Amino acid sequence: MSRESGARDALGELRRTHAAAEITASLVGSEVVLAGWVHKRRDHGGVIFVDLRDRGELVQVVFRPDASQEAHARAGELRSEYVLLVRGVVERRSAETVNPKLTTGEVEVEVTELRLLNAATPPPFPIEEETDADESVRLRHRLHDLRRPPLQRAMRLRHALYQSVRGVLAERGFLEIETPMLAKSTPEGARDFLVPSRLHPGSFYALPQSPQIMKQMLMIAGFDRYFQIVRCFRDEDLRADRQPEFTQIDLEMAFVGIEEVLEVLEEVMVRGFREAAGIEIERNFRRIPHAEAMARYGSDRPDTRIQLELVDLTESFRGSAFRAFRAAVDGGGIVKCLPIHDAQDLSRGDIDRLEGFVKKELGARGLAWIRVNEDAEWQSPIVKFFSDEERVAVAEKTGARPGSLLFFQADQASRANGVLSRLRTDLGQKLGRVDGREWDVLFVVDFPLFERADDGSLTYAHQPFVAPLEEDLQLLDEAPERVRGTHYDVVVNGVELGSGSLRNHRSDVQRRILEVLGYAKADAESRFGFLLNALDAGAPPHGGFAFGYDRWAMVLAGLDSLRDVIAFPKTQRGQDLLMDAPGEVESAQLDELALRIVRPPSEKS
RNA sequence: GGGGCGGUAGUUCAAUUGGUUAGAGCACCGGCCUGUCACGCCGGAAGUUGCGGGUUCGAGUCCCGUCCGCCCCGCCA
């Protein structure tokens, strides 16, 4: 292989010697070769300035006729986003012309040779730090959007996180093992993305919702420390923090208890924060029992930086004459309050708007409130229904005082907590009731193994493979809803980033749990038989976690949309506007798969 | 499946009560310009007002339907 073949490719004899960001005063006098895109051209006729952009960084290159007549002449043809290779000499700028806004602003490159590598269509929006372009425009022109510094930084942060995670886990003896993308549909959990099989007409693979069962298989197979940074797929509706395909750090270890798993998780997080973002977070992470999180914050993923807390008043209104509250309690629901002291900034109009918001968007029945005036008088549409005892109880439990504003929800626990939790975070942020910490990292622990579904039946709180606490095993028969699980969540700044648990390694326990969940014996065997058989093949005690990688990157980057930390994300309707996916396929492709499209009647034309 | 906000030039926006030829900034194109970095000056081009239907003498504007983007509920172990 000759090394003299350079002249035959597009770059000719020139090769890049430096990145734009490296062009600093220490290189003054050196000849450099730069490659990149025309960020901006400023043509003064006799002298032409071009901001050359490379990896999101800029350096000014200068074209002067006396440096190169030809390069100067051709620089007049340059347009935004043209692709260039330039050779030139680094020069110090005169004091008046230094640009303090650029890291390379003390110097510039006087060009002696210009090689135009490619022309480009005008960019649909400016390639700048901030953009006000509509998100659909940004997604349709994703390549231009990705050239913007925030996206360049986000991708670099993701990269640094990958390296950090792999480093930590490799040090700890974890093996990175890939699991199939073409997997089997399982009945529980989210809706599957299906892939039709050509070799087995009428049969389908499912893209994995997570490698949960596969990694348990790996434990049984004798790889006692496994991890993977792996794509997962769930065909459910999207949100700002939810994409149909997303990445998880998936990890499992055998012969451990919960503390060993949490220790690894803390280490991964501490090192990731440090190595990818330069942030120090403190160990050991705070642990909040699930029941406490629900009681104080109304959420199993609380942002404890917000200084507002909920108060439970259920017992105070049991048997109340106030029908709205009493009915909720009689129906098995709760009465809870969000007290906000010194709430003079919230006007009556604000309260009305909040009521409209929680009724319309969160399904609340209403938003009862009490305002305590400066003269300690209670202003409220509901307080006239309260007994004296109830007034005293409310005052004592909420600490109400002049200036306080109390919001109430009387409803089923999930909805009441949901509404008040949302008000807590929204109003806490709006009113600045925060403690000033930048990072709030915590574990939520002591989840119940089961919870009641709307129809009263028992369902798993997280997934059906979570092991109960050993000491609660006998409760499986007597009082399954009191069985505690080994599950925990990791929450950062109110965002659930990951969760984990010990898994059932004994098939009898797993069978019993499936039974409690309402699976008939035959049903359990047909759906989970391969797992149950696998457990019988000598399954070691094992556990691990799954950690939302995209969300972690999002939180670390200080962003609030997953789309800004994923190179090619989907819109809320699951489309890729760049590639225009999903799309129709040739009928021959359908024939091969023995598929026929049957459109719903409403779509027939 | 439901609620909310939005859709006018490449882009970001404007357009009185339904009324003349739908305007502006940036971008773009042409010309000029030797120190700009939000370069400047002169000139120019650019529109299926998301799409379809309706009301009207007349629709960007009103009505109905539909598509698309974003936020949220449901859903997401």
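Naming convention: chains lettered A, B, ... in sequence-line order (proteins, then strands); numbering from 1 in each chain. Since the structure is predicted, the reported quantities are computational estimates derived from the model, not experimental observations.
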TODO: Look through every strand shown and name the nucleotide pairing with B/U36 as Watson-Crick or G-U wobble, where both distances are under 3.5 Å.
DONE: none
Open item on the list: Please report whether the ring centroid of A/F547 lies less than 6.0 Å from that of A/W552.
Closed with: yes
Open item on the list: Working to the nearest 0.5 angstrom, can you tell me the gap between A/Q575 CD and A/L139 CG?
Closed with: 10.5 Å
Open item on the list: With rounding to the closest Å, how many angstrom separate the P atoms on B/C70 and B/G30?
Closed with: 36 Å
Open item on the list: Would you measure the distance from the P atom in B/G54 across to the matching atom in B/A9 and give it in whole Å?
Closed with: 25 Å
Open item on the list: Please report the distance separating the C1' of B/A59 from the corresponding atom of B/A22, rounded so that it comes out in whole Å.
Closed with: 12 Å
Open item on the list: Taking the minimum atom-to-atom distance to the side chain of A/R563, which one of B/C75, B/U36, B/C71 wins?
Closed with: B/C71
- [ ] Round to a whole Å and report the spacing from CD of A/Q575 to C1' of B/C70.
- [x] 14 Å
Task: Proximal nucleotide (of B/C33, B/G69, B/U34) relative to the A/D43 side chain - done: B/C33
- [ ] Classify every nucleotide of nucleotides 25-30 of chain B by which part a protein heavy atom approaches to under 4.0 Å, writing B for the base, S for the sugar-phosphate alone and - for neither, in 5'-to-3' order.
- [x] --SSSS
Open item on the list: Between B/A46 and B/G23, how many Å separate the two P atoms, rounded to a whole number?
Closed with: 13 Å
Open item on the list: Could you identify the nucleotide paired to B/C5, looking across every strand shown and requiring Watson-Crick or G-U wobble geometry with both distances under 3.5 Å?
Closed with: B/G69
TODO: When you get a sec, tell me which of B/C37, B/C76, B/U11 is the closest nucleotide to the side chain of A/V137?
DONE: B/U11
TODO: Among the candidates B/C75, B/G3, B/C37, find the nucleotide nearest to the side-chain atoms of A/E236.
DONE: B/C75
Task: Aromatic centroids of A/F63 and A/H72 separated by under 6.0 Å - done: no
Open item on the list: Applying a 4.0 Å non-hydrogen cut-off, can you work out what A/E108 is touching in the nucleic acid: base, sugar-phosphate, or nothing?
Closed with: base
Task: For atom CZ of A/R140 and atom C1' of B/C70, their distance in whole Å - done: 13 Å
- [ ] Check whether any side-chain N or O of A/T247 sits under 3.5 Å from a backbone N or O of A/D550 as a donor-acceptor pair, and report yes or no.
- [x] no
Open item on the list: Using atom C1' in both nucleotides, what's the gap between B/G47 and B/C28 to the nearest angstrom?
Closed with: 15 Å
Open item on the list: Between B/G1 and B/G58, how many Å separate the two C1' atoms, rounded to a whole number?
Closed with: 40 Å
- [ ] Hunt down the Watson-Crick or G-U wobble partner of B/G18, both distances under 3.5 Å, from any strand shown, or write none.
- [x] none
Task: Check: A/D489 main-chain N/O paired with A/S499 side-chain donor or acceptor under 3.5 Å - done: no
- [ ] Provide the Watson-Crick or G-U wobble partner of B/A59, both distances under 3.5 Å; none if there is no partner.
- [x] none
Open item on the list: From the set B/G69, B/U34, B/C76, return the single nucleotide nearest to any side-chain atom of A/R242.
Closed with: B/C76
Task: Under 3.5 Å donor-acceptor pair, A/D237 side-chain atoms to B/G74 base atoms - done: yes
Task: Donor-acceptor pair, side chain of A/R148 and main chain of A/E128, under 3.5 angstrom - done: yes
TODO: Go through B/G4, B/C37, B/C70 for me and flag the one nearest to the A/L139 side chain.
DONE: B/C70
Task: Spacing between A/D132 atom CG and B/G6 atom P, to the nearest angstrom - done: 18 Å
TODO: For A/T459, report the nucleic acid contact type (base, sugar-phosphate, nothing); a contact means any heavy atom under 4.0 Å.
DONE: nothing
Open item on the list: In this structure, is the centre-to-centre distance between the rings of A/Y460 and A/F465 below 6.0 Å?
Closed with: no
Open item on the list: Classify A/T571 by what it touches in the nucleic acid, base, sugar-phosphate, or nothing, heavy-atom distance under 4.0 Å.
Closed with: sugar-phosphate
Open item on the list: Stacking between B/C39 and A/H44, yes or no? Criterion: centroid separation under 5.5 angstrom, plane angle under 30 degrees.
Closed with: yes
TODO: For A/P124, report the nucleic acid contact type (base, sugar-phosphate, nothing); a contact means any heavy atom under 4.0 Å.
DONE: sugar-phosphate
Open item on the list: Tell me the interatomic distance from A/E106, atom CD, to B/C37, atom C1', rounded to whole angstroms.
Closed with: 15 Å
Task: Between C1' of B/G10 and CG of A/D134, the distance in whole Å - done: 14 Å
Open item on the list: Can you tell me which nucleotide in B/G10, B/U12, B/G3 comes closest to the side chain of A/A133?
Closed with: B/U12
Task: Pairwise 5' ranking along RNA chain B for A/E91 and A/L238, keeping only the more 5' one - done: A/E91
Task: Whole-Å C1' distance, B/A14 and B/U66 - done: 27 Å
Task: Interatomic distance, A/R422 CZ vs B/C73 C1' [rounded to whole Å] - done: 9 Å
Task: A/K215 NZ to A/I220 CD1 distance, which is reported to the nearest 0.5 Å - done: 13.0 Å
- [ ] Output yes when A/R527 and A/D523 qualify as a salt bridge under the 4.0 Å nitrogen-oxygen rule, no when they do not.
- [x] yes
Task: Atom pair distance, as rounded to whole Å: CZ in A/R93 and P in B/U36 - done: 11 Å
Open item on the list: Taking any heavy-atom pair under 4.0 Å as a contact, classify A/Q60: base, sugar-phosphate, or nothing.
Closed with: base
Open item on the list: Regarding A/E481 and A/R452, does a basic nitrogen lie under 4.0 Å from an acidic carboxylate oxygen?
Closed with: yes
- [ ] May I have the distance from A/L362 (atom CG) to B/C71 (atom C1'), rounded to whole angstrom?
- [x] 12 Å
Open item on the list: Once you apply a heavy-atom cut-off of 4.0 Å, does A/F49 come out as touching a base, just sugar-phosphate, or nothing?
Closed with: base
TODO: Select base, sugar-phosphate, or nothing to describe what A/R239 touches, counting heavy atoms under 4.0 Å on all strands.
DONE: base
